[in-house]
Amino acid sequence: MARILSAHTLGLTAKSASSSAELSSHTRPQSPAVVTDLLSVSANATLHLYLSDLFQKLRWEVDCNMSFKKAAESVQRRDTAVVVCEEDLPDGSWISWVSSLRSTPNAPELIVIGDHRALRYEVMALGGFDALIRPLRETDVIDAVTSAWRYWQKRFQHQDDGGVRCSDA
């Protein structure tokens with residue numbers, strides 16, 4: 001059973017990017033492709049709520065899964081731009097999942113949430129995009145996720161038929 005934690009226990013700091021001017025620079029541009037912009041993978045319902053509230057305000061398509069298995073099924077069914085996951089989940093670690101993500105067509109960018117600074121180097125060395133270290137600050141979360149989304153988007157070009165293809169395939 002998932003343990004629901006308070007924002008304090010989760011390591012979330014007070015909202016610091018609440019000004020509409022700052023948030024508007026991260027609003028998702030309209031795109032003809034149907035894509036899950038952000039997939040949150042965590043056994044913690046509070047983290048899902050935090051990320052969903054934050055990015056749905058920016059008109060992002062957000063999906064949440066409680067396990068790597070469910071998240072992997074979601075990524076196989078629908079293009080996903082960014083996956084944000086906890087360092088550890090009941091059904092495994094992000095390390096065991098990163099290689100399978102990379103083999104997915106239109107592979108999403110991976111951001112891992114953890115408690116130690118060395119995680120950032122580990123994530124990037126193994127092919128992830130970034131790591132967020134607790135306590136989470138809203139500006140850091142928004143910047144990391146939108147940077148990963150923009151990086152993922154740059155890999156794609158719109159074709160005449162309205163489709164999207166990966167430019168580095």
Donor-acceptor pair, side chain of [X] and main chain of [Y], under 3.5 angstrom:
{"X": "S96", "Y": "G92", "value": "no"}
{"X": "W152", "Y": "A107", "value": "yes"}
{"X": "R102", "Y": "G127", "value": "yes"}
{"X": "T146", "Y": "A144", "value": "no"}

Worksheet, complete the sentence: Which of T46, L47, D53 passes side-chain contact (heavy atoms from CB on, under 4.5 Å) with L49? It is D53
Spacing of [X] atom [atom1] and [Y] atom [atom2] [to the nearest 0.5 Å]:
{"X": "E61", "Y": "T80", "atom1": "CD", "atom2": "OG1", "value": "9.5 Å"}
{"X": "D130", "Y": "M124", "atom1": "CG", "atom2": "CE", "value": "6.0 Å"}
{"X": "L101", "Y": "Q76", "atom1": "CG", "atom2": "CD", "value": "9.0 Å"}
{"X": "K154", "Y": "R150", "atom1": "NZ", "atom2": "CZ", "value": "8.5 Å"}

A side-chain contact here means heavy atoms from C-beta on lying under 4.5 Å apart; do [X] and [Y] qualify?
{"X": "L119", "Y": "W94", "value": "yes"}
{"X": "V75", "Y": "P108", "value": "yes"}
{"X": "I111", "Y": "V83", "value": "no"}
{"X": "S93", "Y": "D88", "value": "yes"}
{"X": "V84", "Y": "L38", "value": "yes"}
{"X": "H116", "Y": "I133", "value": "no"}
{"X": "S147", "Y": "F129", "value": "yes"}
{"X": "D91", "Y": "F68", "value": "yes"}

Test of understanding: clusters of I, L, V, M, F, W, Y form through side-chain heavy atoms closer than 4.5 Å, transitively. Do [X] and [Y] belong to the same one?
{"X": "L110", "Y": "V145", "answer": "no"}
{"X": "V141", "Y": "W149", "answer": "yes"}
{"X": "V123", "Y": "I113", "answer": "no"}
{"X": "L126", "Y": "W97", "answer": "yes"}
{"X": "V62", "Y": "L132", "answer": "yes"}

Minimum heavy-atom distance between [X] and [Y], given as atom pair plus value:
{"X": "T36", "Y": "R78", "value": "OG1-CD, 3.4 Å"}
{"X": "E87", "Y": "G114", "value": "OE1-CA, 3.5 Å"}
{"X": "L39", "Y": "C64", "value": "CD1-N, 4.3 Å"}
{"X": "R59", "Y": "D37", "value": "O-OD2, 4.5 Å"}

Worksheet item: Between R134 and D115, is there a salt bridge with N-O shorter than 4.0 Å?
Response: yes
Discussion item. Could you check whether S42 and E86, counting side-chain N and O atoms only, form a donor-acceptor pair closer than 3.5 Å?
Written reply: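 Yes.
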Worksheet entry | D63 versus S74, side-chain donor and acceptor atoms under 3.5 Å |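 The answer is yes; a qualifying pair exists.
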Item to complete: Please test H48 against M66 for side-chain contact (heavy atoms from CB on, under 4.5 Å), starting from the C-alpha separation and ending with a verdict.
Response: CA-CA 9 Å; H48 291 306; M66 301 296 264; 3.4 Å; yes
Item to complete: Take V112 and C85, measure what side-chain contact (heavy atoms from CB on, under 4.5 Å) needs, and give me the verdict at the end.
Response: CA-CA 5 Å; V112 181; C85 71; 4.1 Å; yes
Item to complete: Take R155 and E109, measure what salt bridge (charged side-chain N to carboxylate O under 4.0 Å, His left out) needs, and give me the verdict at the end.
Response: CA-CA 11 Å; R155 293 174 21 214; E109 297 303 324; 2.7 Å; yes
Worksheet item: For D140, what residues pass the salt bridge (Lys or Arg N to Asp or Glu O under 4.0 Å) criterion, not counting sequence neighbours?
Response: R137
